[in-house]
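Below, chain A is the first sequence line, B the second, and so on; all start at residue 1.
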There are 2 protein chains.
Amino acid sequence: MSYSIGKVAELAGVTVRTLHHYDEIGLLSPSDRTSTGYRRYDDADLERLQQIRYYRELEFSLEEIAAILDDPKADATSHLRRQHQLLTERITRLEKMVNAIEFAMEATKVGIKLTPQERFEVWGDFDPDQYAEEAEQRWGDTDAYQESVRKTSQYTKEDWLRIKEQSEDWGRRIVAVMDSGAAADSPEAMELAEEHRQHISQWYYECSYEIQTGLAEMYLADERFMATYEAIKPGLTVFLHDAIMANAVARS
Amino acid sequence: MSYSIGKVAELAGVTVRTLHHYDEIGLLSPSDRTSTGYRRYDDADLERLQQIRYYRELEFSLEEIAAILDDPKADATSHLRRQHQLLTERITRLEKMVNAIEFAMEATKVGIKLTPQERFEVWGDFDPDQYAEEAEQRWGDTDAYQESVRKTSQYTKEDWLRIKEQSEDWGRRIVAVMDSGAAADSPEAMELAEEHRQHISQWYYECSYEIQTGLAEMYLADERFMATYEAIKPGLTVFLHDAIMANAVARS
DNA sequence: TTCCAGCCTCCCGTTACGTGAGAGTCAAGT
DNA sequence: ACTTGACTCTCACGTAACGGGAGGCTGGAA
């Protein structure tokens with residue numbers, strides 16, 4: 001059984017010109033020609049083309065592929081094994097990219113800026129432990145972060161609008177409480193701290209009192225969060241922190 | 001805060017030349033220059049570069065990326081959402097490629113040839129139902145195939161040598177039984193049918209009598225399997241089929 | 001002041017094809 | 001036997017996305 005160049009192109013999902021090119025550079029020359037010069041590809045040619053396609057998908061150059069495939073020490077199975085490993089590595093990398101994007105989405109929701117390291121972590125080659133530590137510190141609890149990502153990836157535009165509206169409303173009310181001169185451990189302030197916790201639980205992740213107090217600590221420690229709250233009203237970060245602490249103590 | 005071109009290149013994992021190129025074609029021009037002509041990139045530039053890198057990873061051309069990023073209707077979040085979707089699609093495709101490779105490895109072990117469709121299923125755009133049907137027919141049971149892939153992917157070279165030795169030994173013995181003139185429903189033949197079943201159970205997947213009889217049917221129906229067995233000894237396929245049937249009836 | 005790494009602007013080279021041009025070929029239908 | 005439309009052939013130039021210098025300025029540390 002042999003195949004015309006057009007048929008092979010269709011099967012393998014490449015253009016006829018590509019096959020011409022592979023023939024030109026000697027990477028894949030059809031095992032036969034008709035008397036009129038038409039190329040004829042057989043099963044062995046197809047197997048070689050399959051290998052070429054996989055290695056190309058893995059971004060090997062044609063020259064490298066030629067060297068790899070013509071290596072007498074490597075047989076078909078070893079190629080498959082190698083491709084298998086490279087593919088799974090690649091999948092891992094793409095999954096990291098997906099995580100990074102979800103992280104970036106989270107960040108823009110909350111209104112914080114990413115550090116340059118965070119932006120390019122997938123490509124840059126800096127210490128991965130450092131990142132893990134930062135994320136741990138930022139979110140207090142990694143499981144919570146996972147849950148958050150899982151939940152929020154389902155949200156529609158309307159959901160986000162609702163969340164935004166809700167948190168802006170909450171912002172106005174806590175500012176009003178501050179303006180009224182009430183203390184951070186006043187019932188009104190504590191009520192808003194409680195609402196803050198429930199808002200997070202509802203939309204992002206189950207937020208216990210321990211986690212919330214962790215967040216409060218972080219608001220003071222992380223200048224990006226700090227900037228967000230201070231932009232609404234100076235002193236709000238500390239006020240919220242104190243209200244959360246008072247509320248947590250009172251309720252538990 | 002602003003960054004030199006070298007620093008940006010290091011952060012983003014690209015070359016300085018690449019950033020020069022992006023500047024040349026107007027895709028990413030640094031927001032500032034020093035009095036001496038040095039490029040200075042700020043946070044907004046980095047964000048744009050981040051988007052560029054993600055879209056590039058997804059194999060968009062620079063021209064397309066420029067069009068996408070300069071579209072006033074799209075904001076940062078919509079880009080992230082889009083990239084998220086494209087990335088997960090890509091992961092799915094790569095996972096299909098991994099499956100295809102595992103399938104190809106299985107096939108070479110068993111000594112059957114792949115059809116052209118099977119070779120290029122990941123790239124070609126033929127009817128996917130047709131393939132599913134073929135796989136179903138070939139393996140009788142999809143779960144079994146999954147289990148097989150899972151198990152065999154762990155095997156070492158020594159394992160494979162052992163398996164090969166074992167099955168060649170079995171081949172010699174069943175040929176001997178045939179040569180002795182024994183019937184397919186003789187105790188010796190049935191014993192070897194039973195061994196065939198246990199061999200599969202041990203190395204590939206839990207092989208019940210129903211599954212084994214399914215395999216026996218398939219050996220007759222699929223000329224690629226047929227070729228394998230007939231190469232050992234003409235008439236072996238039918239003999240094995242009958243022995244399996246007799247054994248299955250007797251044991252259950 | 002002296003380095004040397006870093007940056008600048010040309011500018012030519014490379015890879016993996018795309019895209020015709022012009023001409024021969026094949027199989028199906030009349 | 002003739003036509004016709006889809007395929008295929010071999011040049012041959014074009015393109016995208018950089019790579020890799022050459023030759024010359026800059027900037028901060030010693």
- Task: Show your reasoning for whether side chain to side chain donor-acceptor pair (under 3.5 Å) applies to B/Tyr54 and B/His79.
- Result: CA-CA 10 Å; B/Tyr54 275 107; B/His79 288 309; over 6 Å; no
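For B/Tyr22 and D/dC18, the shortest distance from a side-chain N or O to OP1 or OP2 is below 4.0 Å. Note on A/Arg39: every side-chain N or O is 4.0 Å or more away from OP1 and OP2 of D/dT8.
At a threshold of 4.0 angstrom between heavy atoms, the contacts of B/Thr34 with the nucleic acid are absent. Among the atoms of the strands shown, only primed sugar atoms or phosphate atoms (P, OP1, OP2) are found under 4.0 Å from some heavy atom of A/Arg33.
Atom CG of A/Asp23 and atom C1' of D/dT10 are 12 Å apart (whole Å). Taking atom CD1 of residue A/Ile25 and atom C1' of nucleotide C/dC17, one finds them 10 Å apart after rounding to whole Å. Going from atom CD of B/Glu24 over to atom C1' of D/dA16 covers 13 Å, rounded to whole Å. Following rounding to the nearest Å, B/Phe60 (CZ) and D/dA16 (C1') show an atom-to-atom distance of 17 Å. What separates NE2 of B/His20 from C1' of C/dC7 is a distance of 7 Å, to the nearest Å. The interatomic distance linking A/Arg40 (CZ) with C/dT25 (P) rounds to 16 Å, in whole Å. In this structure, NE2 of A/His21 is placed 16 Å from P of D/dC9, rounded to the nearest angstrom. To the nearest angstrom, P of D/dT10 lies 13 Å from CG of A/Leu19.
Ion pair B/Asp42/B/Arg48 not flagged as a salt bridge, since none of the NZ, NE, NH1 or NH2 atoms sits closer than 4.0 Å to an Asp/Glu carboxylate oxygen. The pair A/Arg33-A/Asp23 meets the salt-bridge criterion, since a charged nitrogen lies less than 4.0 angstrom from a carboxylate oxygen.
When the options A/Glu59, A/Glu57, A/Glu95 are evaluated for a salt bridge (Lys or Arg N to Asp or Glu O under 4.0 Å) with A/Arg90, the one that passes is A/Glu59.
No side-chain donor-acceptor contact under 3.5 Å links A/Arg40 to the backbone of A/Ile5.
Picking from D/dG19, C/dC7, C/dT9 the nucleotide with the shortest atom distance to the side chain of B/Thr15 gives D/dG19. Nearest to the side-chain atoms of B/Ser4 among the listed nucleotides C/dC17, D/dT8, C/dC7 stands C/dC7.
Mapping B/Arg56 and B/Thr36 onto DNA chain D via the closest heavy atom, the residue that lands nearer the 5' end is B/Arg56. Between B/Arg17 and A/Lys7, the residue anchored closer to the 5' end of DNA chain D is A/Lys7, taking for each the nucleotide with the nearest heavy atom.
With hydrogens and angles ignored, no donor-acceptor pair closer than 3.5 Å exists between the side chain of A/Tyr38 and the base of C/dC26.
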